[in-house]
Amino acid sequence: MIVVMKVKATAKEISDVIARIKSDGYEAHLSEGEERTIIGVVGESPTPLREENYATMDGVDKVVRISVPYKLASRQFHPSDSLVPLNGAQMGGNKVLVIAGPCSVESREQIIETACAVKEAGATALRGGAFKPRTSPYSFQGHGEKGLQWMAEARERTGLPVVTEVMDPALVPLVCQYADVLQIGARNMQNFALLNAVGESQHTILLKRGMSSTVEDLLMSAEYILAHGNKRVMLCERGIRTFEKATRNTFDLNAIPVLKALTHLPVLADPSHAVGLWEYVESVSRSAVAAGADGLIIEVHPKPDEALSDGRQSLKPDRFKSLMQQVRRVAEAVDRTA
Ligand code: PEP
Ligand code: MN
């Protein structure tokens with residue numbers, strides 16, 4: 001249920017509604033829009049929620065039942081787009097922001113070289129994995145904390161904030177020390193202990209869609225993070241598993257406008273993991289921006305042939321530069337910038 005306050009509701013009227021929600025045994029989450037405040041009522045309580053008890057309170061415009069199971073993530077609760085600050089810009093705003101970098105942080109030189117190249121091409125943030133979720137236990141697992149240190153050094157050199165994956169709830173405090181954005185990978189989208197831990201961290205989160213998860217599953221996972229009062233959540237479509245074998249995954253282009261309609265959270269696309277082949281990354285990136293994606297996350301490697309992970313889908317820096325130019329043109333065509 002959400003309680004929509006009147007445009008001119010006073011602070012006292014708002015706090016009275018919150019007090020009532022708490023005395024009924026629920027949690028109150030505030031969405032303060034430019035015009036009005038919306039209060040989300042969430043949680044479980046033996047006291048049934050009676051709409052009329054709230055609808056008659058001073059300052060209340062209306063009470064709306066939210067029919068979808070995700071509440072805080074829904075557009076009903078927060079009608080305007082949520083903006084997530086990133087490097088002086090805002091993900092979810094008019095400018096399409098691009099996060100780029102290698103799949104894995106492989107060496108100090110590799111991450112610094114890549115960071116300088118993507119920065120020059122116009123990227124807003126640097127990606128790179130230090131803790132890697134690999135299908136095989138024998139594949140390169142990442143350099144761990146050393147990798148995080150190299151990324152932090154690359155940030156110092158370029159000013160680019162760092163986006164990196166965390167896989168273990170116990171490592172959230174460590175990764176928070178180095179990273180600006182914690183990535184939850186596709187394989188961990190429903191690791192609820194991890195979602196709770198990153199929710200509590202209050203760090204900015206990039207939540208990727210699980211490869212066999214529905215849009216609703218993704219939004220329910222976002223809800224876990226939001227339920228901790230952490231509002232800085234970005235979603236990412238990264239391709240799903242289908243019968244199609246020509247590409248690594250199947251990019252669900254539909255998910256972009258569908259998510260934009262259902263949620264206020266910024267929506268990114270990861271064409272690199274979606275197609276898995278660098279030669280298709282540019283066209284899928286263009287389509288994602290045309291469909292309304294707020295941002296892209298792109299794998300870039302100076303020497304893809306020597307990459308320790310995902311070389312086949314990684315763009316060389318000059319290709320990435322050309323991609324950025326294309327993204328700018330498509331963004332303009334849909335009344336945005338990049
Ligand atoms: C990655 O970003 O390198 C990654 C492993 O992505 P995903 O979790 O989407 O597979
Ligand atoms: Mn990768």
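Ligands are counted one by one from 1 in listed order, and the atoms in each one are counted from 1 as well.
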Q: Take Asp61 and Arg36, measure what side-chain contact (heavy atoms from CB on, under 4.5 Å) needs, and give me the verdict at the end.
A: CA-CA 10 Å; Asp61 182 13; Arg36 57 169 93 223; 2.9 Å; yes
Q) Measuring from the heavy atoms of Gly129, does anything fall under 4.0 Å of ligand 1? A) no
(Q) Salt bridge check, Asp24 against Arg50: does any charged N sit closer than 4.0 Å to a carboxylate O? (A) no
Q: Within a distance under 4.0 Å of any heavy atom of Lys208, pick out the atoms of ligand 1 and give their elements.
A: 1 (C), 2 (O), 4 (C), 6 (O), 7 (P), 9 (O)
Q: Look at the rings of Trp150 and His143 and say which category their plane angle falls in: under 30° parallel, 30 to 60° tilted, over 60° perpendicular.
A: perpendicular
Q.
Taking 4.0 angstrom as the limit and counting only heavy atoms of Cys103, give me the atoms of ligand 1 inside it, by number and element.
A. 3 (O)
Q | Atoms of ligand 1, numbered as shown, that sit under 4.0 Å from any heavy atom of Lys132 | A | 1 (C), 3 (O)
Q) For the Mn ion (ligand 2), which N, O or S atom of Asp310 is at the shortest distance? A) OD2
Q: Could you list the atoms of ligand 1 found under 4.0 angstrom from a heavy atom of Gly185?
A: 8 (O)
Q | Single hit among Arg319, Gln325, Gln326 for side chain to side chain donor-acceptor pair (under 3.5 Å) with Ser322 | A | Gln326
Q) Any idea which atoms of ligand 1 are less than 4.0 Å away from a heavy-atom of Arg238? A) 7 (P), 9 (O), 10 (O)
Q) Going by the atom numbers of ligand 1, which of them fall below 4.0 Å from some non-hydrogen atom of Gln183? A) 1 (C), 2 (O)
Q.
Below 4.0 Å, non-hydrogen atoms only: which portion of Glu299 touches ligand 1? Side chain, backbone, both or neither.
A. side chain
